[in-house]
Amino acid sequence: MAEELNNDSSESDTFEVIDTNGPVQIIRDNGDHTFTLCENDLATILMAKNLKDTPVVVVSVAGAFRKGKSFLLDFILRYLTCEGRAGWMGDPEEDLTGFKWRGGTNRETSGIWIWGQPFIRTNPNTGEKVAILLMDTQGTFDNQAIVRDSATIFALSTMLSSIQIFNISQQISEDDLQHLHLFTDYGRLAMQDESDDSKCKPFQRLEFLIRDWAFEYEFELGASGGKNYLNKILAVSENQHEELMEVRHHITNCFADVGCFLLPYPGRTVASKPQFTGRLADMEGDFASGIEKLIPYYLHEETLQSKKIHGQTLKGKDLLHYFKSYVEIYQQDTLPEPMTMLRATAEANNLSALASAQEKYTENMEKKVGGDHGYLNDTDMLTQHAESIDLAEKEFNSTRKMGGAELSKTFLEKLEKYMEDQFQQYTKINESKNIFKSARTPITLFIVLAVAYVAHGILKAVYLGPLAMLCNAVFWGAMSTLGVWITLKWRAEHQEVAERIDHVAEMIWEQGLTPFYGLVVAAGTTAAIKHAQAAQQRSKSKKS
C-alpha cells in the first residue's frame, strides 16, 4: 500500500516552510560551474515528522541531457500515485505532468530536484515500511556544462541513490562505463576499509535503461533481453585492455545488483513534435507497453530496498548528513579523489551515528526531566543521567561505522561533551522546579530582615547604640537587596546579578541559618528530653 507522507514541519521549526506539493530543487546550479545545497528545502522534506525516522528508498535517473529522464520519472510518479493498481498508465488522452520536461535541444532540468511528497511502501515479505523519494538530475554533457559539472551531478546521484537508473540512448558504450570509473575506485577503497567479516558492496542497484533500442533481433525488449545484453557488455575476455577489464570487474564487485532494460523507439511524434504533451495516444504501442512493464520492474514492493551505506539503513534524518558531506567535497575546483569521497562518507556515517545517539540521550532525559515533569532530587537526577548515557552510547556503538577506531573515538568524545552540556542544562531546568529552592533567596532575606529588626530593638533598649546602628544598616541592606532581586526576576534582566544575590543568600542559608537552626533544634530536643525526664521523676515520687 502507498500513501503520501504528511510533511508536518512542526518538529522542524527552524526550517522555513516551503511548498512540497511538487518538485523541489535541492541542489542548485549557480551558473559558474559550482553547485549549492538548498539545505533548508531539503531539510524541510527529510526532517518532516513522518519521514525523518523512516528508511528511505532514493530512485534517481541520470544520464545525457535531452534523453527523457524527467519524462520517465513522471511515469514513475503516476505509478506511485495510483499505488500500482491496474490501469495506472491512465487515460490515453491525458497529459503527462509532474517533473518539468519538454522536447527540443535546450536543457530543462538544472541541478538536482526531488519530488516533495515521498510515498510509503511496505515490503510484504519483511513488513518493512520505506519512503520512496524520486530524484531528477541535470543532464550531462550539454553545451552549458563542463566535464566537472557533469561528473559532479552524476557522482552525487550515484552516491546518494539506492536505485540509480542510468538513462542511455541506443546502446552502452565504453564512455558510459567510464562514467562509473570514479565510483568503482571509491568502491574498491570502501571495501578495503571494511573488516574481513563484514564485507558489503558499497552501492546497491544500478539499472541501465537503453532507449531507442533497435536490435530486437539480437536481444528482445524488456528486462530479459536487457540482462542478456548486459552480460555481453560486461563480459571479460583475454583480448581486452587491462583498463577495460578492470572497469567491468569493479562494476560487478561494487554494485550489489546490476540490471538492464531495453526500450524501443517511442515514435516520431514523441521524438520530434514540439506539441507532444506526454499523451499515451501519441506513443508507439511497443513503447507504451514497455513503459508499463518497466516501472513495476523498478518499484516492485518485494524488491524495494532502503538506502544503505556501510550496511547502515538510512532514514530521512541520516540522508541529510550525507547530502551535506558529499556536496561539500564537490565544491572544489577539481573532482575529489576516491579517498576524499571515502573520508566524507566515513564522517557522514559517524555524524549520523552521533545524531542518533544525541537524540536517544535527549529522548530518555525528557521522560523524567522534561518541562511537564516535576522536580527530581539529586540522586534520581544522576540516575536518569547515567541511564541516558548508557542508552546513547549503546545507540552510537550499535551503528556500523567507517573510518576506523580513531575517527569513531573523535565522535564519541563529541557525544560525551554533548551529554555533559545537556546535563548542565537539564540540571538548571530541574532546579527551577524546586519550589523551596526558588523561594530560598526571599525567605533568607526575610529572616535576615526579621533578625536585624529584633536585634536593633533589643540593642537600642540596652543602650548599645553602635551595634544597634549596625543592625539597622543590615536591615536596610537586606531590604534593598530583596527589592533589587524581585525587580530583576520580574523583568528577567541582568540575571547574572540575580544569580549573585542567590549565591550570597545560599551562603547565608548554608553557613549561618542552617547551623543555627541545627543548634536550636538540638537545644530544643535536649530541653524536651530533660523536661520529660523531670516529669517522669515527679510522677514516680508521687506514687512512692
Side-chain angles (χ1 to χ4, degrees), residues 57-64 67-69 71-73 75-76 137 139-141 154-155 157-159 161-188 191 200-266 286-287 289-300 302-305 308:
V57 175
V58 184
V59 181
S60 171
V61 182
K67 298 299 181 183
K69 295 182 299 299
F71 177 80
L72 172 65
L73 277 168
F75 275 110
I76 295 178
T137 65
T140 56
F141 305 112
F154 194 87
S157 63
T158 302
M159 299 284 286
S161 62
S162 40
I163 304 175
Q164 172 72 303
I165 302 171
F166 192 0
N167 192 56
I168 297 172
S169 178
Q170 297 184 335
Q171 58 184 329
I172 300 174
S173 68
E174 284 302 321
D175 286 342
D176 296 322
L177 297 182
Q178 287 299 323
H179 288 321
L180 300 169
H181 184 67
L182 175 66
F183 310 106
T184 57
D185 283 349
Y186 162 84
R188 180 171 46 81
M191 287 190 291
C200 62
K201 296 189 177 183
F203 303 114
Q204 288 169 270
R205 186 175 175 187
L206 173 65
E207 287 287 344
F208 292 91
L209 174 59
I210 314 301
R211 308 287 287 270
D212 305 339
W213 179 251
F215 308 108
E216 192 176 348
Y217 53 86
E218 287 189 61
F219 299 98
E220 63 179 343
L221 297 172
S224 177
K227 181 180 180 180
N228 294 331
Y229 171 64
L230 184 63
N231 288 338
K232 174 187 175 184
I233 294 296
L234 296 182
V236 175
S237 65
E238 296 179 355
N239 298 327
Q240 282 178 325
H241 189 277
E242 183 179 350
E243 182 179 346
L244 303 181
M245 295 172 62
E246 189 176 80
V247 168
R248 284 162 171 77
H249 278 305
H250 287 163
I251 287 175
T252 55
N253 289 336
C254 292
F255 287 89
D257 185 17
V258 183
C260 181
F261 197 99
L262 305 178
L263 270 181
Y265 181 66
D286 285 350
F287 181 80
S289 177
I291 289 289
E292 190 170 13
K293 296 173 183 176
L294 172 68
I295 309 305
Y297 165 72
Y298 290 147
L299 299 178
H300 195 280
E302 294 186 0
T303 60
L304 279 180
Q305 291 186 356
K308 289 183 173 65

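Reckoned from all heavy atoms, side chains included, excluding hydrogens, waters and symmetry mates.
Using a 4.5 Å heavy-atom threshold, the side chains of S60 and I163 count as separate. You'll find the side chain of F219 stays beyond 4.5 Å of the side chain of K227, heavy atoms only.
Nearest heavy atoms, S169 versus D212: OG-OD2, 4.0 Å. Closest heavy-atom contact between V258 and I251: CG2-O, 4.2 Å. What you find for C260 and G226 is that their closest heavy atoms are CB-O, 3.3 Å.
Between the side chain of S162 and the backbone N or O of V57 there is no donor-acceptor pair closer than 3.5 Å. The closest donor-acceptor contact from the side chain of Q204 to the backbone of K308 lies under 3.5 Å.
Checked options L177, N167, I165; the residue passing with F208 is L177 (criterion: side chain to side chain contact (heavy atoms under 4.5 Å, CB included)).
Distance check: L294 CG to F261 CZ gives 5.0 Å after rounding to the nearest 0.5 Å. Summarising the geometry, atom CG belonging to L230 is positioned 9.5 Å from atom CG belonging to L262; distances are rounded to the nearest 0.5 Å. Once rounded to the nearest 0.5 Å, the distance linking CD1 of I233 with CZ of R248 reads 7.0 Å. Rounded to the nearest 0.5 angstrom, N228 CG and E220 CD are separated by 7.5 Å. Atoms CD and NZ, from E218 and K232 in turn, are 5.5 Å apart once rounded to the nearest 0.5 Å. Separating the CG atom in D257 from the CD atom in Q305 is a distance of 7.5 Å, to the nearest 0.5 Å.
For R205 and Y297, the positive end sits near the middle of the six-membered ring, less than 6.0 Å away and at most 45° from its axis.
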Could you walk me through whether L263 and D286 pass side-chain contact (heavy atoms from CB on, under 4.5 Å), step by step?
-> CA-CA 8 Å; L263 270 181; D286 285 350; over 6 Å; no

Could you give me the CA-CA distance, side-chain angles and deciding distance for E292 and F287, then say whether side-chain contact (heavy atoms from CB on, under 4.5 Å) is met?
-> CA-CA 9 Å; E292 190 170 13; F287 181 80; over 6 Å; no

Derivation of the side-chain contact (heavy atoms from CB on, under 4.5 Å) call for L299 and I76 | CA-CA 8 Å; L299 299 178; I76 295 178; 3.4 Å; yes

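Taking the six-membered ring where the residue is Trp, the centroids of W213 and Y265 are separated by 6.0 Å or more.
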